[in-house]
Amino acid sequence: MRIRHAIVAIVVAALLAVVTILRPLDVAIWSLQSKLFSKAPSGEIVLVENQSGQYDNSREAINRQLLSALDQLDRDGVDQIVIHSSLQRSGSDEIDRELRAALERNADRIYLSRPVRNDIDENDLVEAGSPYFERGMRIASSDIQPDFLRLVWGIEAIYQDDGRAYPAVWNVLAYRGEGDEAVYPDYTIDTTALKRIDLAELGSLDPDIADAVRGKTVVIGGLLRDRRSLKAPDANDGDVSASLIQVVAAETALRGGGQFFGSLITIPAFGLLLLIGLMRFRGMTNRRRFYAFWICSFGAVFVMSALVGWRIMLAEPMFVAIFFAIARMIYNYRRRHLFIDPRSRLPNFAALRRDLESSDEVDGTAIVVAKIARLDAILASLNQYEQGQYLRQIASRLTLGDAALTVYHDGGKYFSFLLAEVDYPDLQAHLEGLRAVVSQAVTIGKRAIDVSLTVGVDQSDNKAPSSRISSAIAAADQAREAYRPVFIITDFEADSETWDYSLQSRLENALSDNRIWIKLQPQVDLQTGLFVGSEALARWVDEERGEISPARFILQCERVGRLDELTKRVLRLSFEASRSLQDEGLPPRTSVNVSAIQFVDQRIADLVERTLVETDADPSQIFIEITETARFEDFAVARDIMEQIGKSGIRFSIDDFGVASANYDALYNLPFSEVKIDRMFANSVARDKSARAIVSNMLQLARDLGMESVAEGIDNMETFEMLRDMGGDLAQGFCIARPQTFSLFQETMRLQRGSGIQRSSQG
């Protein structure tokens with residue numbers, strides 16, 4: 001994301017550079033640079049101007065004054081002379097002839113100057129020179145193109161006119177007209193230290209003046225009042241002459257400065273540095289250090305370019321920095337809202353994924369997810385402020401004094417944090433102790449509110465962060481408060497059949513292609529020995545791996561959000577089987593498994609009612625077996641849903657009774673009609689006295705509550721007979737019959753009917 005912001009900033013800055021929108025900012029930067037240093041001029045150039053300000057605009061007076069100056073400079077041994085002013089014929093032929101003769105005598109060291117280019121507006125303010133004086137003389141270009149502030153930032157080295165090349169005045173002063181690169185005046189050169197002589201004093205016999213010009217290059221300017229109004233960023237006294245600008249440009253070239261680095265260089269240079277830093281440095285601390293270095297590099301370039309006399313366009317890369325900073329601020333602002341849960345004000349799971357994806361040390365990190373039981377019901381009893389207090393107190397306890405630990409909240413019942421495995425050799429023991437601390441009641445106002453949680457952990461490596469988070473959530477769901485409150489997934493378990501994520505794509509296809517079907521496991525009346533119904537069991541035979549365990553793919557459906565779709569298919573197949581059996585006069589009683597986690601809203605009720613209508617099944621012959629009742633989120637909500645479904649005539653069975661403490665809570669709070677005794681107890685009654693006592697109590701409890709009992713997992717006749725003697729109602733298991741296809745179950749029921757044995761009840 002940062003790299004994308006940087007690229008966009010670079011492109012936008014480049015576009016702005018093309019249309020020079022940022023040029024005023026560059027001018028401000030260059031003007032500021034002129035104040036940083038004061039560099040001494042070379043002393044090789046002397047500027048002669050009419051410093052007294054007394055102008056005689058008659059041509060005769062001007063030419064006479066120039067003739068006197070040339071004679072004096074010739075006597076003083078001047079190396080080179082540039083007349084930076086147009087020469088015109090005067091009214092005196094004698095003076096003009098003498099001036100022409102003086103020019104011819106010094107033709108090898110004199111340059112006349114005049115404007116060359118016609119497309120520069122400033123040239124309209126300069127009077128053209130007379131061919132009488134220019135004929136046979138060397139001509140230099142006096143072209144200068146100021147900007148909107150009348151500042152001159154660059155002068156070409158050569159100007160073309162009708163196929164002829166003319167060196168610029170500064171080029172003649174610095175390189176005798178042999179330079180070929182433009183120069184960008186360095187205004188840090190101290191113009192007050194330039195050798196400057198008043199034109200009126202040049203004709204005097206002052207030996208100091210003679211010493212000042214001997215062997216030097218002299219620029220004679222200001223013969224006429226210059227109508228061009230030019231500025232210099234280091235000048236505090238108003239306008240400056242074009243001659244002074246040319247001298248500053250020449251001094252810049254003599255110092256080796258005056259190079260120009262435009263936006264086509266600076267934007268890629270600073271942009272590339274930014275991109276390299278973003279790709280090279282990870283983590284907030286390193287990134288901030290790099291940003292500080294990158295910003296400081298602007299200051300360093302600003303100072304160094306002023307020191308060496310380079311003209312660098314910094315506005316455009318500065319715009320890159322500003323645009324990037326604004327983009328990052330907007331992104332961070334949005335991220336604070338997108339990645340923060342508004343109720344708890346904790347980072348959410350999107351932030352968890354982001355942090356995992358940006359971290360260089362994901363391997364060796366355990367992802368811990370804590371699931372708070374019945375959180376929705378608890379929060380419903382609190383106001384908004386109290387809800388935030390409750391959630392933040394839980395988060396604070398999860399840190400267990402580690403202030404550096406970040407706790408994430410998904411906005412619902414899950415909290416998460418990361419632990420370095422190397423710091424916790426016995427992670428299981430640490431988390432069990434942490435759970436004991438967190439499970440203490442939270443005080444909100446004057447109320448003590450219980451906290452009940454399970455913990456899931458993913459310790460697997462080499463997997464996508466989103467998959468690891470899903471594994472940790474599934475582990476927290478798989479954990480049980482009573483007998484396994486902390487469930488840890490290791491690399492081995494992640495590759496085992498329970499946690500095999502490679503099933504997901506095949507499962508999606510199986511659901512889409514209706515390749516999940518049911519088998520019916522017969523249920524027998526323990527007292528009569530007759531088949532009275534069946535339990536519908538979901539089955540999936542994969543084309544590549546054969547039959548997949550229901551526990552495996554049902555959990556996968558739950559994790560990928562397809563549990564409702566699976567339930568819909570199983571309900572339809574089961575209801576259709578019951579109706580077909582009833583149409584044929586066979587035992588139609590059918591039990592269907594539905595997970596407790598689906599009893600959180602009206603979707604499951606709507607699904608059951610809609611399926612009844614579509615299949616025309618008899619609801620009185622349908623039992624819904626609710627599995628994993630420890631996962632009920634809210635008994636009140638679940639009861640309302642069950643009662644709504646029960647109005648149709650469907651009855652409910654509590655599955656795997658006895659293996660979790662929540663079973664008794666569910667049995668007490670919810671309208672069940674049947675108890676299914678878990679195979680762990682039922683199949684052990686023949687050999688285990690404790691199991692026998694437990695099952696006996698369960699059977700008695702069912703009778704006292706007016707419920708039927710179903711013993712599952714019956715694998716031998718001895719167990720079957722003992723359960724019959726103990727007063728059990730129904731049983732199922734491999735000893736009775738294995739799960740069968742519908743056609744085989746149908747045939748079994750037909751054989752029972754054909755034998756002449758009549759059922760005493762249909763359940």
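In this text, all values refer to a predicted model and were calculated from it rather than measured experimentally. Positions are given from 1, in the same order as the sequence printed here.
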What I'd like to find out is whether the side chain of [X] reaches to under 4.5 Å of the side chain of [Y], using heavy atoms alone.
X      : Y      : answer
Ile155 : Gln246 : yes
Lys35  : Tyr187 : no
Lys231 : Asp239 : yes
Val213 : Ile197 : yes
Thr399 : Phe417 : no
Ile245 : Leu230 : yes

Check: Tyr184 ring centre within less than 6.0 Å of Phe260 ring centre: yes
Taking the ring centre of each residue, are Tyr408 and Phe349 less than 6.0 Å apart? no
For the pair [X] and [Y], find out whether any cationic side-chain nitrogen is under 4.0 Å from an anionic carboxylate oxygen.
X      : Y      : result
Arg105 : Asp71  : yes
Arg64  : Glu60  : yes
Asp143 : Arg117 : no

Is it true that a side-chain atom of Tyr159 and a backbone atom of Glu156 form a donor plus acceptor pair closer than 3.5 Å? yes
Backbone of Ile81 reached by a side-chain donor or acceptor of Arg109 within 3.5 Å: no
What's the separation between atom [atom1] in [X] and atom [atom2] in [Y], rounded to the nearest 0.5 Å?
X      : Y      : atom1 : atom2 : result
Ser130 : Leu112 : OG    : CG    : 10.5 Å
Glu104 : Arg135 : CD    : CZ    : 8.0 Å
Ile340 : Arg345 : CD1   : CZ    : 10.5 Å
Ile83  : Leu66  : CD1   : CG    : 4.5 Å

May I ask you to check whether [X] and [Y] show a side-chain donor-acceptor distance below 3.5 Å?
X     : Y      : result
His84 : Ser243 : yes
Glu49 : Ser241 : yes
Asn63 : Asp96  : yes

So with a 6.0 Å cut-off around CZ of Arg214, is the heavy-atom count from everything else above 12? yes
Show me, pair by pair, the donor-acceptor contacts under 3.5 angstrom made by side chains of residues 292-311, not counting sequence neighbours?
unit_1 : atom_1 : unit_2 : atom_2 : d
Trp294 : NE1    : Phe270 : O      : 3.1
Ser297 : OG     : Trp294 : O      : 2.4
Ser305 : OG     : Gln33  : NE2    : 2.6
Ser305 : OG     : Val301 : O      : 2.7
Ser305 : OG     : Phe302 : O      : 3.1
Trp310 : NE1    : Gln259 : OE1    : 2.9
Arg311 : NH2    : Pro185 : O      : 2.2

Could you go through residues 176-183 and list every donor-acceptor pair under 3.5 Å that involves a side-chain atom there, pairing it with any protein atom two or more places apart or in another chain?
unit_1 : atom_1 : unit_2 : atom_2 : d
Arg176 : NH2    : Asp79  : OD1    : 3.4
Arg176 : NH2    : Asp79  : OD2    : 2.3

